[in-house]
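Working notes for the structure below.
One-based numbering, in listed order, for ligands and for the atoms of each. In this text the structure is predicted, and so the values were computed from the model without any measurement. Numbering of residues begins at 1 and proceeds along the displayed sequence.
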Amino acid sequence: MVKKEQLYEGKAKKVFATDDPQIVIVDYKDDATAFNGEKKGTIVGKGVINNQMTNHLMRKLEEAGVPTHFVEELSERETAVKKVSIVPLEVIIRNVSAGSFSKRYGVEEGIVFEQPTIEFSYKDDALGDPLINDYHASALKLATWDEIELIKKYAFTVNGFLKKTLLECGITLVDFKLEFGKLADGTIVLADEISPDTCRFWDVKTGEKLDKDRFRRDLGNVEGAYQEMARRLLGK
Ligand code: TMP
């Protein structure tokens, strides 16, 4: 596979064309942002960990019946993935109250829900990724009703798998954000990443935060948290 011109640069990844029109290469950076890009920094080694963790989990999710964009890990930071058009929805599942849920509804962090919740944000930086519901998403033609139903089904399957897998590593999966994409033939697949950037991970015993909240909230030992997650999940 030949890496060609850069197609796009996002906050945490770059995307390159290849000689195959159906395949692109994602290249994970160490750059970190929060609060819609207002806060900027670097988390040394993050790109390598997020690349490897995402690929590990996407391989397993394929086995669990969730189609993904993953094709092949090419290097520490680079992965070949299927080219998709991203469905402009951030799909957020929560098992425990935290973050914007706690803020919006005025509840403490750490309340364990009887059932997971699902919500959508409209992926639009200029609007600040506003919360929307499935009817709004359908009205705005961000996805069809059937696509939204399928995305919800996949998101809950991901939650079931991730929750169990992480618990085996002594981690509570508090919440996470997924993005889905559409292949040229219309197939919906899981895209983007699953990493400490996009999930909240708390140590089961101590409650220690092992995710990007350490960066967002200036809690210190940010790199250590990413390394600890890599050790627990990937054994390195
Ligand atoms: P929130 O509590 O800030 O809404 O975040 C919910 C989850 O989504 C959390 O695991 C972090 C993740 N997330 C992203 O991946 N990208 C984002 O831009 C935001 C705001 C949250």
Got a salt bridge between Lys82 and Glu62, using NZ or NE/NH1/NH2 to carboxylate O under 4.0 Å?
no
Atoms in ligand 1 flagged as close to Ser100, the criterion being non-hydrogen separation under 4.0 Å
1 (P), 2 (O), 3 (O), 4 (O)
May I ask whether atom 7 (C) of ligand 1 is less than 4.0 Å from at least one protein heavy atom?
yes
Atom NZ of residue position Lys11 - does it have more than 12 heavy atoms of other residues, nucleotides or ligands inside 6.0 Å?
yes
May I ask you to identify the nearest protein heavy atom to atom 16 (N) of ligand 1, giving residue, atom name and distance to one decimal place in Å?
Lys177 CE, 3.7 Å
Cluster question for you: counting only ILVMFWY and a side-chain heavy-atom cut-off of under 4.5 Å, with indirect links fine, are Ile111 and Val96 together?
no
Let me check something: do Ile43 and Tyr28 share a hydrophobic cluster, defined by ILVMFWY side-chain heavy atoms less than 4.5 Å apart, either directly or through other members?
no
Please determine whether any non-hydrogen atom of Lys103 lies less than 4.0 Å from an atom of ligand 1.
no
Can you get from Ile194 to Ile49 by hopping between Ile, Leu, Val, Met, Phe, Trp and Tyr side chains that sit under 4.5 Å apart?
yes
Report the nearest protein non-hydrogen atom to atom 18 (O) of ligand 1: residue, atom name, distance rounded to 0.1 Å.
Glu90 OE1, 4.1 Å
Atom 9 (C) of ligand 1: the protein heavy-atom neighbour that sits closest, reported with distance to 0.1 Å:
Asp175 OD1, 3.1 Å
Under 4.0 Å from atom 20 (C) of ligand 1, do we find at least one protein heavy atom?
no
Element-labelled atoms of ligand 1 that are located less than 4.0 Å from some non-hydrogen atom of Cys199:
10 (O)
Report the relative orientation of the aromatic rings in Phe180 and Tyr154; use parallel for angles under 30°, tilted for 30 to 60°, perpendicular for over 60°.
parallel
Does Arg200 reach ligand 1 with a nitrogen or oxygen that is under 3.5 Å from one of the ligand's nitrogen or oxygen atoms?
yes
Side chain, backbone, both or neither: which applies to Arg94 and ligand 1 if a contact is any heavy-atom pair less than 4.0 Å apart?
side chain
I want to check something: taking the side chain as every heavy atom from C-beta on, are Ser195 and Lys212 in contact at a cut-off of under 4.5 Å?
no
Less than 4.0 Å is my threshold; does some heavy atom of Asp197 fall inside it relative to ligand 1?
yes
For Phe176, the atoms of ligand 1 under 4.0 Å from one of its heavy atoms are 10 (O)
With atoms numbered from 1 as shown, which atoms in ligand 1 lie under 4.0 angstrom from a non-hydrogen atom of Gly99?
2 (O)
Met58, Leu166: one ILVMFWY side-chain cluster at the under-4.5 Å cut-off?
yes
Decide whether the shortest distance between a heavy atom of Arg216 and an atom of ligand 1 is less than 4.0 Å.
yes
Can you tell me if Arg214 uses its side chain to pair, donor with acceptor, with the backbone of Lys209 under 3.5 Å?
yes
